[in-house]
Amino acid sequence: MTSFPELGSSSIPWTNASTAWRALLALAVVFVMLATTGWTAVRSHKGAPDPRAVSLKAWRHGSVNGRPLPSPDAEPSALSRFFTTLTADQRERLADRYPLVVGNLGGAPTELRYRANRAALAQARTVEEQRTHDAGLTPAGRYEASRRMHRFESLLGPDRQIIAFDPAGDGRVAEVFGDLDAARRVSVVVPGVDTNVLTFEKTQRAYSAPVGMGRSLYAAERKASPGTRTAVIAWADYTSPVGVGMDAATGKLAAEGALRLRRLVTTLPGDSKVALFCHSYGSVVCGVAARELSPRVTDVAVAGSPGMRAQSVSDLDTTARIWAMRDADDWIQGVPHMEVGGLGHGADPVSAGFGARVLSAGDAQGHTGYFAPGTTSLANFAGIGVGVPASVRCASDSGDCADGLGPDAEAAAV
């Protein structure tokens, strides 16, 4: 990763210290805006036991037919082999007994993970229902419990395919659209700030939430290439910045999220090609993850990005194509694209010097509109997702962003 000068360093490229401090203050102000956009008043259950940690402890002491269970941190290939040695009944018993382990276990069969997460969601719903009647909670606490209960009920819908779920704290979740096992192309939507189990889906402004983004992208990919077997994952399985604070301006949570994103990619079934679609702070996660991504990732596309913690595409050290877009009305353009003492996320991905392939974001309408149906931004994402990057529309002032690209091998074979 490119190093950036510390504030006060003799190498810092400003004429005087006051200019540097003004830039630092500007970063602080705009990232407070970033952290508070779409603010949701959610609080962790302080003091409550972590249900997944409890389940993991039980798993580590568990067995099946007298055999100890494998480490949940084992390589996905080893975990996959373990599950192939079990009968269907044994697999289902494990999913029902340790749902928060099996539901998040890379290497476990996809359908088994869906089953396990349904069991985990049902248990979490019961917990929240009990909390709605808890006289020891404040009215605000009971209201929060009611919201979580209804969210878990929604995620238990018969058509939902939940590939990851953890109710601890503000909650993490990921959902699949399409047939993940049969897919030849998999798209992963990586959202930004204030993403948690409550904001995972929204009735109002649906396409600003991960579920709406994922559904919209999946529909657009099916329209763009009906014969291509695709799946989309709405991935909110990392801890994003929440509330007023500096987390959104630093890379700590992005680094933690990047580890989880890399593991997701390596644990996907089969040998499908993967594209990442990263919005806002999600593009910071993708930028950090890019440096050690699996080669099955062919494309990383960022929208409304505050930066990828890099000064140029070459800093990302990846074989994946890097795409960037920003709507003309997106307020993120006011973010100072630099890093000072760990604050900020580096160069602007849509700038000419960064070196990304710059896409048109026509009709996106601001910071949260990139996945709205009918937009050029969504059509561009769909073309990349189905492996036909040459079909995209480039930003009018960026030259031919698809220069030298034809359909990927899988798309050409359809």
Side-chain angles (χ1 to χ4, degrees), residues 36-55 95-96 99-100 102-104 113-177 189-219 232-243 279 282 368 371-372:
T36 56
T37 297
W39 161 254
T40 301
V42 180
R43 295 291 184 270
S44 301
H45 299 174
K46 298 185 185 302
D50 182 336
R52 185 161 186 266
V54 172
S55 190
D96 295 340
L100 284 170
V102 177
N104 296 281
R113 291 180 67 175
Y114 296 159
R115 176 191 177 101
N117 284 319
R118 285 188 61 80
L121 280 160
Q123 292 174 6
R125 178 187 58 185
T126 298
V127 168
E128 298 302 332
E129 182 178 16
Q130 293 170 348
R131 293 180 71 240
T132 64
H133 305 292
D134 187 345
L137 294 178
T138 64
R142 291 192 295 274
Y143 174 69
E144 177 197 344
S146 177
R147 293 182 67 203
R148 287 170 64 93
M149 179 186 72
H150 289 301
R151 170 62 67 243
F152 297 152
E153 286 177 352
S154 176
L155 294 173
L156 279 165
D159 61 336
R160 309 299 290 263
Q161 299 181 137
I162 306 303
I163 195 70
F165 172 65
D166 186 348
D170 294 336
R172 296 195 298 259
V173 62
E175 182 171 9
V176 174
F177 303 95
V189 175
V190 183
V193 299
D194 282 328
T195 297
N196 54 57
V197 73
L198 286 178
T199 60
F200 186 57
E201 55 185 332
K202 298 178 182 178
T203 302
Q204 302 295 325
R205 298 171 57 242
Y207 304 112
S208 67
V211 169
M213 293 176 179
R215 283 180 175 157
S216 182
L217 179 58
Y218 181 62
V232 174
I233 302 175
W235 189 77
D237 193 27
Y238 82 102
T239 300
S240 74
V242 176
H279 177 246
T368 59
F371 290 84

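Both backbone and side-chain heavy atoms feed into the values below; hydrogens, waters and symmetry mates do not. From a predicted model like this one, the values you see are computed outputs, not experimental measurements.
From Arg172, atom CZ reaches atom CG of Asp237 across 5.5 Å, with rounding to the nearest 0.5 Å. In this structure, the separation between CZ on Arg215 and CD on Glu175 is 6.0 Å, given to the nearest 0.5 Å. Rounding to the nearest 0.5 Å places CZ of Arg113 at 4.0 Å from CD1 of Ile163. The distance from atom CZ of Arg205 to atom OG1 of Thr199, rounded to the nearest 0.5 Å, is 10.5 Å. If you take OG1 on Thr138 and CD on Glu144, they are separated by 8.5 Å, rounding to the nearest 0.5 Å. Here CD of Gln161 is found 13.0 Å from CG of Leu155. Values are rounded to the nearest 0.5 Å.
Looking only at distances, a side-chain donor or acceptor of Asn117 sits under 3.5 Å from a matching main-chain atom of Ile162. A distance-only check finds a donor-acceptor pair linking the side chain of Ser240 to the backbone of Thr195 [under 3.5 Å]. Within the 3.5 Å criterion, the main-chain N or O of Val176 finds no donor-acceptor partner in the side chain of Tyr218. For the pair Arg118 (side chain) and Leu156 (backbone), a donor-acceptor distance under 3.5 Å is present. With hydrogens and angles ignored, the 3.5 Å screen pairs no side-chain donor or acceptor of Ser216 with any backbone N or O of Met213.
Of all heavy-atom pairs between Thr368 and Ser208, the closest is CB-CB, 3.7 Å. Summarising the geometry of Gly214 relative to Val232, their closest heavy-atom pair is O-CG1, 3.6 Å, with the distance given to 0.1 Å. Minimum heavy-atom separation, Pro99 to Ala116: CB-O, 3.2 Å. The shortest heavy-atom contact between Arg148 and Val197 is NH1-CG1, 3.9 Å. Closest approach of Phe200 to Ala236, counting heavy atoms only: CD1-CB, 3.7 Å. Between Val211 and Arg160, the shortest heavy-atom contact is CG2-NH2, 3.8 Å.
Here ring-ring contact (aromatic ring centres under 6.0 Å, His included) pairs that include residues 134-154, with residues two or more places apart or in two chains, are Phe152-Phe165.
At least one side-chain heavy atom of Leu217 sits less than 4.5 Å from a side-chain heavy atom of Val189. In this structure, the side chains of Pro167 and Leu100 come closer than 4.5 Å at one or more pairs of heavy atoms.
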Criterion side-chain contact (heavy atoms from CB on, under 4.5 Å) on Val190 and His279, from CA distance to verdict
CA-CA 6 Å; Val190 183; His279 177 246; over 6 Å; no
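Checking Ser146 against Arg131 by side-chain atom types alone, no donor-acceptor pair falls below 3.5 Å.
Look at Arg151 and Glu201 and you find a salt bridge, because one of the NZ, NE, NH1 or NH2 atoms lies within 4.0 Å of a carboxylate O, short of that distance.
For Phe371, the ring-ring contact (aromatic ring centres under 6.0 Å, His included) partners are Phe381, not counting sequence neighbours.
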